[in-house]
There are 2 protein chains.
Amino acid sequence: MTDHAKQTEASAGDPIVLIVDDDPSMRRALTNLFQSVGLKVEAFSSAAEIMEAKPPAVPSCLVLDIRLPGSSGLDLQADLAKANIHTPIIFITGHGDIPMTVRAMKSGAVDFLTKPVRDQDMLDAVQAAIERDRKRRDAEKSISGVRSRFEGLTARERDVLALVASGLMNKQVAAELGLAEITVKIYRGQIMRKMGAKSLADLVRMTDALGIPRNRGHLQT
Amino acid sequence: MTDHAKQTEASAGDPIVLIVDDDPSMRRALTNLFQSVGLKVEAFSSAAEIMEAKPPAVPSCLVLDIRLPGSSGLDLQADLAKANIHTPIIFITGHGDIPMTVRAMKSGAVDFLTKPVRDQDMLDAVQAAIERDRKRRDAEKSISGVRSRFEGLTARERDVLALVASGLMNKQVAAELGLAEITVKIYRGQIMRKMGAKSLADLVRMTDALGIPRNRGHLQT
DNA sequence: CTACGGCACAAACCTACGTATAGCTCGCAC
DNA sequence: GTGCGAGCTATACGTAGGTTTGTGCCGTAG
């Protein structure tokens with residue numbers, strides 16, 4: 001099933017490695033390393049520089065020196081998180097300490113490498129990071145369609161959806177919302193159509209993926 | 001030896017901190033620290049010792065010196081993972097390095113503290129670890145009932161369940177399995193009863209929680 | 001003003017779901 | 001063999017789900 005060879009060609013574009021390091025020789029060395037295995041590379045010399053660039057639209061990862069001019073790599077990590085950019089980060093450090101490492105890892109860094117960095121370690125880390133980003137993007141994409149269709153629902157349809165997905169019968173939904181059962185049925189049909197759900201099971205999974213709260217949901221022990 | 005008495009059959013809910021350290025003074029200091037904030041404590045002097053003890057039945061966490069007689073803390077972490085014991089681990093180290101830290105964090109450690117450890121840091125870490133374990137246990141418990149009920153289903157009932165939860169209509173399930181529609185209906189009723197599902201929505205969520213594969217599931221983009 | 005969309009309901013009609021009752025075969029344990 | 005449970009089906013009946021067609025009210029954008 002999972003074929004390695006076709007992954008490079010298929011998917012949503014070639015992955016890219018973003019490098020942020022103020023040392024030109026380091027940037028050059030890393031760029032060469034990644035290009036030698038066929039990865040696209042984009043290099044930056046400061047945190048500010050990459051924050052101005054547009055977030056990549058393909059699976060990618062960041063290789064980040066922890067010590068950067070201006071803000072530290074950890075600050076950049078926090079800024080990216082605040083900006084809702086979840087590109088996986090690999091840190092490099094010349095003189096890092098353990099608390100710094102722990103903080104970075106707790107904030108979601110995929111790896112934390114010490115100089116001198118062994119080429120293979122870096123490539124392994126980048127490989128893992130890009131794979132992680134690819135999975136995240138796939139998951140994101142799979143619900144984005146659902147989300148946009150949900151946005152197209154009217155307020156009332158959303159009310160009905162929440163209760164229907166909770167497992168209530170039409171008559172219970174009607175009672176809950178002060179409607180006639182026939183009205184609920186009609187909304188329900190519109191919901192199925194607008195959401196593109198072929199079955200109630202579909203609809204339930206969509207609402208769960210959207211994180212819509214259940215009014216009477218349980219799953220008792 | 002056995003400075004750890006019997007542990008008073010914890011009233012299911014009181015968390016406990018498990019300490020593994022070969023230094024008696026460290027054990028004593030940590031024990032005092034945790035007891036001062038009302039936490040139960042059990043101390044061990046080696047990895048082997050704690051592997052022989054029964055896994056705790058209450059929310060708990062491990063405070064582990066990375067350097068232990070015999071095996072290292074990282075080995076113990078790996079052994080516990082292999083034994084399917086997921087108690088959160090907080091490492092302490094006197095002379096750890098960054099690769100060690102990264103390895104521990106990647107393997108799921110909640111924190112990695114360097115000596116001398118500040119009391120408040122340790123308490124914060126333990127608090128977070130216990131909270132994490134409590135959540136994991138809650139989640140585990142909530143599906144254990146579902147899982148055991150699923151075990152009580154007959155082979156055919158499971159077949160029907162998988163297809164019904166995929167969103168197929170009774171007639172489609174019947175065609176898929178080479179049955180009459182009425183047969184599917186009857187199994188379906190038995191499934192609802194045995195699984196304790198009040199609605200199809202319930203059933204769908206149960207099957208998802210159990211990780212039962214969907215035959216025609218989609219959630220298209 | 002008019003058009004449009006959201007909201008709400010009704011009658012009629014059809015399909016899907018669910019249960020009760022009853023009967024059949026097969027394999028397995030006692 | 002006898003009993004038992006799983007597996008399978010049928011008839012019959014009642015309930016729940018779902019669509020179509022048509023009506024009406026309200027607010028707002030043009």
Side-chain angles (χ1 to χ4, degrees), chain A residues 147-208 210 212 214-218 220, chain B residues 147-208 210 212 214-218 220:
Chain A
R147 179 167 288 118
S148 68
R149 285 189 297 243
F150 177 75
E151 304 294 337
L153 296 183
T154 68
R156 220 48 172 151
E157 283 164 355
R158 293 178 199 192
D159 293 342
V160 172
L161 172 55
L163 296 172
V164 165
S166 302
L168 297 194
M169 288 185 308
N170 287 341
K171 64 171 68 169
Q172 294 174 298
V173 175
E176 198 83 20
L177 297 177
L179 298 176
E181 190 182 344
I182 181 67
T183 310
V184 174
K185 286 184 181 181
I186 292 169
Y187 284 149
R188 190 167 173 159
Q190 289 169 351
I191 291 164
M192 295 293 283
R193 189 167 35 74
K194 287 187 180 180
M195 293 298 290
K198 298 188 333 307
S199 64
L200 179 58
D202 265 17
L203 203 64
V204 169
R205 294 194 171 96
M206 287 179 186
T207 58
D208 283 4
L210 291 173
I212 293 173
R214 295 189 286 290
N215 291 43
R216 292 250 230 284
H218 63 150
Q220 78 239 94
Chain B
R147 180 166 287 119
S148 67
R149 285 188 298 241
F150 177 75
E151 304 294 338
L153 297 183
T154 68
R156 219 52 172 144
E157 283 164 356
R158 292 178 200 193
D159 293 341
V160 172
L161 172 56
L163 295 173
V164 165
S166 303
L168 298 194
M169 287 186 308
N170 288 342
K171 64 171 67 169
Q172 294 175 297
V173 175
E176 199 84 19
L177 297 176
L179 298 175
E181 191 181 344
I182 181 66
T183 311
V184 173
K185 286 184 183 181
I186 289 168
Y187 284 149
R188 189 168 172 157
Q190 287 168 353
I191 291 164
M192 295 293 283
R193 190 168 34 74
K194 286 188 181 179
M195 294 298 290
K198 303 187 330 306
S199 63
L200 178 59
D202 265 16
L203 203 64
V204 169
R205 294 196 171 96
M206 287 179 186
T207 58
D208 282 5
L210 290 172
I212 293 172
R214 295 188 286 288
N215 290 44
R216 291 251 230 286
H218 62 148
Q220 77 237 96

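The shown structure was predicted, so the numbers you read here are calculated from the model rather than taken from an experiment.
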**Asked** Which value, rounded to the nearest 0.5 Å, describes the distance between A:F150 atom CZ and A:I212 atom CD1?
**Response** 4.0 Å
**Request:** To the nearest 0.5 angstrom, please state how far the CG atom of A:D202 sits from the CZ atom of B:R214.
**Result:** 8.5 Å
Nearest atoms (heavy-atom pairs only) where [X] meets [Y]:
{"X": "B:R156", "Y": "B:L177", "value": "NH2-O, 3.3 Å"}
{"X": "A:A165", "Y": "B:A201", "value": "O-CB, 3.4 Å"}
{"X": "A:S166", "Y": "B:S199", "value": "O-OG, 4.3 Å"}
{"X": "A:K194", "Y": "A:G152", "value": "NZ-O, 3.6 Å"}

**Prompt:** When all nucleic acid strands are considered with a 4.0 Å heavy-atom cut-off, which category describes B:L179: base, sugar-phosphate, or nothing?
**Reply:** sugar-phosphate
**Request:** For B:T154, answer base if it contacts any base atom (sugar-phosphate contacts may also be present), sugar-phosphate if it contacts only those atoms, and nothing otherwise; contact means non-hydrogen atoms under 4.0 Å.
**Result:** sugar-phosphate
**Prompt:** Any side-chain heavy-atom pair from B:L153 and B:M195 closer than 4.5 angstrom?
**Reply:** yes
**Item:** Donor-acceptor contact below 3.5 Å, side chain A:R149 vs main chain A:R193
**Value:** no
**Prompt:** Hey, which of these two, A:Y187 or A:I182, hits DNA chain C nearer its 5' end, going by closest nucleotide?
**Reply:** A:Y187
**Request:** Extract, from 5' to 3' on DNA chain D, the first and final nucleotides lying under 4.0 angstrom from some heavy atom of chain A.
**Result:** D:dA16 to D:dT19
**Request:** Take A:K171 and B:E157, find for each the nucleotide of DNA chain D with the closest heavy atom, and name the residue whose nucleotide sits nearer the 5' end.
**Result:** B:E157
**Item:** Positional range of nucleotides in DNA chain C within the contact set of chain B, heavy-atom, under 4.0 Å
**Value:** C:dA16 to C:dA20
